[in-house]
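Here is the structure we will look at, set down as C-alpha cells.
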Amino acid sequence: MKKIKLAVVGATGMVGSTLLQVLEENKFPADEVYFFASAKSKGKKLQFNNKEYTVEELTETSFDRGIDIVLFSAGASTSKIYAPIAASKGCVVVDNSSAWRMDPEVPLVVPEVNPNDVEKHKGIIANPNCSTIQAVVALKPVHDLFGIKRVIFSTYQAVSGAGVAGYNDLKNGLEGQPPAKFPYPIANNCLPHIDDFLDNGYTKEEMKMVNETRKIMGLPNLKVTATTVRVPVFDCHSESINVECERPVDLDLLIKVLSESKGIVVQDDVKNKVYPMAISAKGKNEVFVGRIRKDESVENGINMWVVADNIRKGAATNTVQIAELLVHRM
Ligand code: 25A
Ligand code: L14
C-alpha cells in the first residue's frame with residue numbers, strides 16, 4: 001500500500017485529542033504524522049503511538065511537504081481559510097467544521113450511509129454535524145426497508161459539543177458559578193438554543209440537521225424538522241426520532257435489520273429496562289438505538305431513541321472512517 005502522510009489541524013482540542021485516540025485504536029496506516037493548532041499551542045508535546053510529537057502553528061506553508069490527508073477540527077473560520085490552501089497543495093482534507101458541508105462541490109459523508117460519495121471529492125470532504133451523523137446512521141435502514149416520508153428530530157445535546165468552554169460551563173455551573181459560554185446557566189436547565197438563531201426562527205443547529213440529512217441521504221425533498229436542545233449532560237447526544245414511512249412497518253424486521261447493521265447496537269428490552277443512555281454510550285464508536293415502537297397516531301409511523309458519543313461517532317470516529325475510505329481508494 002502507498003505510504004500515507006497524515007496531518008491533524010486542531011490537534012489539541014476536544015475533538016482533536018479524540019482524533020488521535022481513534023487513529024491509534026484503529027491502527028490507521030500513517031507512515032508520517034504532523035500536528036497543527038493555533039499559535040497558543042505551538043510547541044506543546046503530544047503522545048501518539050508511543051512517540052512524542054511537537055505541535056506546530058498552522059500557517060500557509062504547513063502543507064508544503066507532500067501530505068496526503070489532513071483532518072481539520074479547528075472550527076469553521078480556520079477551515080474556510082486553510083482547507084482550500086491544503087487542497088491546493090494536493091492534500092485531501094476531511095473537515096469537521098460547518099464551513100464546507102453544504103457546498104455542492106463537497107461530499108458530506110457518513111460511511112454507513114453514503115460511502116461512495118467520497119469519490120466525488122475535489123480536495124475537501126466534509127464531516128457532518130454530530131447530531132445529524134447519529135440520526136442518519138439510524139435512519140438509513142428504516143429508509144431502505146420502508147421508505148422515509150417525514151422525520152421529526154428532538155435532541156438532548158451534551159455540553160461537550162461546545163468544546164472545552166461548554167464543558168467548563170456545566171462543571172462550574174454545578175458549583176454555582178455563572179456561565180461563560182452559554183447565554184444562561186446550563187446546570188439544572190435545558191436550553192432550546194444551540195448555535196445562532198436564523199430569521200426563520202430556527203437555530204443553525206436545527207437547520208444543519210434538516211439540510212445535512214437531506215444531502216447525506218440523497219433525499220433533497222425529504223420532509224424534516226428539528227428542535228435541538230442543550231441539556232446538562234457532559235458527553236453524548238440523545239435524540240428522539242419520529243419517522244413516517246411510505247410503506248407499512250414490520251417492527252420485528254426493522255429490529256432485526258438494525259441489529260445487523262454495521263455501526264449500530266440495538267438496546268431495546270424495556271421489560272428489563274434496557275434502552276440507550278448517554279452514560280453507557282460514552283467512549284463508544286457505535287450508534288445505540290432503542291425504544292423502537294410504532295407511532296400509532298399516523299399510518300406507518302415509528303419512534304426511536306438514538307444515543308451516541310458526539311465527540312466519537314459525531315466527530316472523531318466518523319472523520320477517521322472517512323480517512324480510511326480514502327486510504328482504501330489510494
Ligand atoms: O465553527 P464550528 O465549526 O462550529 O466549530 C467551533 C468549535 O467546535 C469544535 C471545536 O472546538 C471548534 O473550536 N468542533 C469542531 N468540530 C466539531 C465537531 N464535529 C466540534 N465540536 C463538536 N463536534 P474544540 O475545542 O474541539 O477544538 C478547538 C481546536 O481548534 C484549535 N484551533 C482554534 N483556532 C485555530 C486552531 N488551530 C489552528 N489554527 C487556528 N486558528 C484549537 O487549538 C483546538 O485545538 P488551541 O491552540 O486554540 O487550543 C489549545 C489548548 O487550549 C485548550 N483550551 C481551549 N479553551 C480552553 C482550553 N483549556 C481550558 N479552558 C478553556 N476555555 C484546548 O483544549 C487545547 O488543549
Ligand atoms: O456544527 O455546540 O459540527 O453542540 C457541533 C457541535 C456546532 C456546535 C458543528 C454544539 C458543531 C455544536
Side-chain angles (χ1 to χ4, degrees), residues 9-10 13-19 22 71-80 83 93-103 106-110 124-137 153-171 173 179-187 189-198 202-216 226-239 278 281-282 287 306-322:
V9 173
M14 190 160 308
V15 175
S17 54
T18 309
L19 271 173
V22 177
L71 312 180
F72 269 73
S73 193
S77 49
T78 305
S79 291
K80 275 209 179 94
V93 172
V94 185
D95 182 40
N96 240 304
S97 80
S98 53
W100 300 99
R101 291 176 187 151
M102 293 314 297
D103 187 316
V106 174
L108 185 63
V109 177
V110 177
I124 303 176
I125 298 172
N127 190 73
N129 165 260
C130 38
S131 316
T132 309
I133 292 176
Q134 67 185 72
V136 296
V137 168
F153 295 123
S154 310
T155 73
Y156 304 69
Q157 297 187 215
V159 295
S160 56
V164 176
Y167 228 84
N168 288 345
D169 261 18
L170 178 53
K171 194 157 89 21
K181 166 84 183 170
F182 301 126
Y184 298 97
I186 185 61
N189 205 4
C190 295
L191 302 175
H193 176 183
I194 299 181
D195 210 332
D196 302 328
F197 280 103
L198 297 163
Y202 285 78
T203 61
K204 281 189 185 170
E205 184 76 355
E206 288 161 349
M207 294 316 293
K208 283 180 237 174
M209 290 198 80
V210 170
N211 296 321
E212 294 181 24
T213 297
R214 289 176 174 154
K215 179 166 174 177
I216 299 160
T227 303
T228 60
V229 180
R230 184 88 60 195
V231 296
V233 166
F234 283 105
D235 299 287
C236 300
H237 292 349
S238 304
E239 300 178 355
K282 183 173 156 74
V287 173
V306 176
V307 181
D309 187 323
N310 55 304
I311 303 295
R312 284 215 164 221
K313 184 56 185 168
T317 302
N318 200 71
T319 299
V320 173
Q321 288 172 333
I322 293 171

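By convention here, the first residue in the shown sequence is residue 1. Just follow the structure's listing: the first ligand is 1, and inside any ligand the first atom is 1.
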- Query: Looking at T228, V231, V229, which hits side-chain contact (heavy atoms from CB on, under 4.5 Å) with Q157?
  - Reply: T228

- Below 4.0 angstrom from a heavy atom of C130, which ligand 2 atoms are there? Numbered from 1 as shown, please. 5 (C), 6 (C)

- Query: For ligand 2, which atoms, with element, lie under 4.0 Å from some heavy atom of K208?
  - Reply: 1 (O), 7 (C), 9 (C), 11 (C)

- Message: Regarding ligand 2, does D195 bring an N or O atom to under 3.5 Å of one of the ligand's N or O atoms?
- Response: no

- For ligand 2, find out whether one of its N or O atoms is nearer than 3.5 Å to an N or O atom of S98. no

- Task: Given salt bridge (Lys or Arg N to Asp or Glu O under 4.0 Å), test D235 with K282 step by step and report yes or no.
- Result: CA-CA 6 Å; D235 299 287; K282 183 173 156 74; 3.0 Å; yes

- Message: Does atom CZ (F197) have a neighbourhood of more than 12 heavy atoms from anything else shown, all under 6.0 Å?
- Response: yes

- Message: Please check if the number of heavy atoms outside Y202 that lie under 6.0 Å from its OH is greater than 12.
- Response: no

- Please verify whether a non-hydrogen atom of K204 lies at under 4.0 Å from ligand 2. no

- Answer side chain, backbone, both or neither: which part of R101 comes under 4.0 Å from ligand 2, heavy atoms only. side chain

- Message: Check K208 with E205, please: is the shortest side-chain N to carboxylate O separation under 4.0 Å?
- Response: yes

